[in-house]
Amino acid sequence: ILIEDRNGSREFEYFRDDIIIAQEQGRNLFKNLYRVRFSVSDTSNFTVPAPGNALRISSARPFATGDFFQFTLRAPSIDMAQAAAELEDIAVVPNPYVAASEFEPRDQVTGRGERRIQFINLPLQCTIRIFNLRGEQIAVLEHEGTGNNGAVFWDLQTTGGQDVAYGVYVYHVEAPGIGEYVDKFALVK
């Protein structure tokens with residue numbers, strides 16, 4: 001896959017540059033097979049493709065000269081009922097967190113890695129509040145995701161920068177317009 005930088009900006013611009021799907025014929029020699037050019041009639045609702053998005057083109061017959069394809073994309077939307085149901089998928093890993101967890105990155109130079117846990121399957125935007133068993137809020141995490149199955153790490157420190165004690169903690173996830181979820185996790189020495 002090659003990019004034809006039609007305006008010389010050295011960056012891929014969706015409405016100006018072309019994607020060329022080519023077959024290599026030899027060293028630095030390509031046979032031009034397909035050219036993809038994006039055009040949008042209404043740029044006010046256009047969302048730029050994000051990393052991980054895929055465009056799949058398949059055909060039961062070979063493409064021919066003069067073939068033309070037109071795609072229509074819908075603006076992104078959220079099914080609120082499904083989003084509320086998926087709050088049940090939120091989890092903490094590892095749970096329980098063990099002081100010598102394999103989840104921590106390690107290397108020969110620094111030894112033990114950063115102490116941390118991860119909140120997974122989060123909605124795109126949410127606030128995570130972490131409480132000890134006395135009901136005291138010890139940390140707040142803000143999550144601003146860009147795709148499905150959002151995740152955020154917590155370094156096991158209070159808002160004031162102190163390491164938390166081992167024990168059981170309760171977390172509360174609040175997703176504006178979707179709902180709330182409450183669960184617990186354990187830190188074991």
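Residue numbers start at 1 and run along the sequence shown. Treat the numbers as computed from the prediction; the structure is a model and nothing was measured. Note that these values count all heavy atoms, side chains included, but never hydrogens, waters or copies made by symmetry.
- To the nearest 0.5 Å, atoms CZ (Phe119) and CG (Asn95) are separated by 9.5 Å.
- The heavy-atom pair separating His143 from Gly150 by the smallest distance is NE2-CA, 3.8 Å.
- In this structure Val182 satisfies the side-chain contact (heavy atoms from CB on, under 4.5 Å) test together with Val170, His172, sequence neighbours excluded.
- From Ile90, atom CD1 reaches atom CD1 of Ile128 across 7.5 Å, with rounding to the nearest 0.5 Å.
- Of all the heavy atoms in Phe185 and Ile130, the pair that sits closest is CZ-CG2, 4.0 Å.
- Across Asn132 and Tyr169, no two heavy atoms sit closer than the pair CA-CD2, 3.8 Å.
- Residues passing the side-chain contact (heavy atoms from CB on, under 4.5 Å) test with Ala83, sequence neighbours excluded: Ile78, Ile178.
- Across all non-hydrogen atoms, the minimal contact from Tyr97 to Arg116 is CE1-O, 3.6 Å.
- The nearest pair of heavy atoms linking Ala175 to Pro123 is CB-CG, 3.6 Å.
- Applying the side-chain contact (heavy atoms from CB on, under 4.5 Å) rule to Asp89 yields the partners Glu86, Asn121; only residues at least two apart in sequence or on another chain are considered.
- Between the side chain of Thr159 and the main chain of Ile138, a donor-acceptor pair closer than 3.5 Å is present.
- Note: the hydrophobic cluster containing Met80 also contains Val173 (ILVMFWY, side chain heavy atoms under 4.5 Å, direct or indirect links).
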- Tell me, with the steps shown, if Val92 and Asp183 meet side chain to side chain contact (heavy atoms under 4.5 Å, CB included). CA-CA 9 Å; Val92 172; Asp183 205 352; over 6 Å; no

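- Among residues two or more places apart in sequence or in another chain, the side-chain hydrogen bond (donor to acceptor under 3.5 Å, both in side chains) test is passed with Asp155 by none.
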- Task: Apply side chain to side chain contact (heavy atoms under 4.5 Å, CB included) to the pair Asp17 and Glu4, showing each step before the final yes or no.
- Result: CA-CA 6 Å; Asp17 298 334; Glu4 183 179 1; 5.9 Å; no

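- Nearest heavy-atom pair, Asp163 versus Gln157, reported as atom, atom and distance to 0.1 Å: OD1-NE2, 3.2 Å.
- For Tyr171, there are no side-chain hydrogen bond (donor to acceptor under 3.5 Å, both in side chains) partners, not counting sequence neighbours.
- Considering only residues two or more places apart in sequence or on other chains, Glu144 meets the side-chain contact (heavy atoms from CB on, under 4.5 Å) condition with Gln125.
- No chain of hydrophobic side-chain contacts below 4.5 Å, direct or via other Ile, Leu, Val, Met, Phe, Trp or Tyr residues, connects Tyr166 to Phe131.
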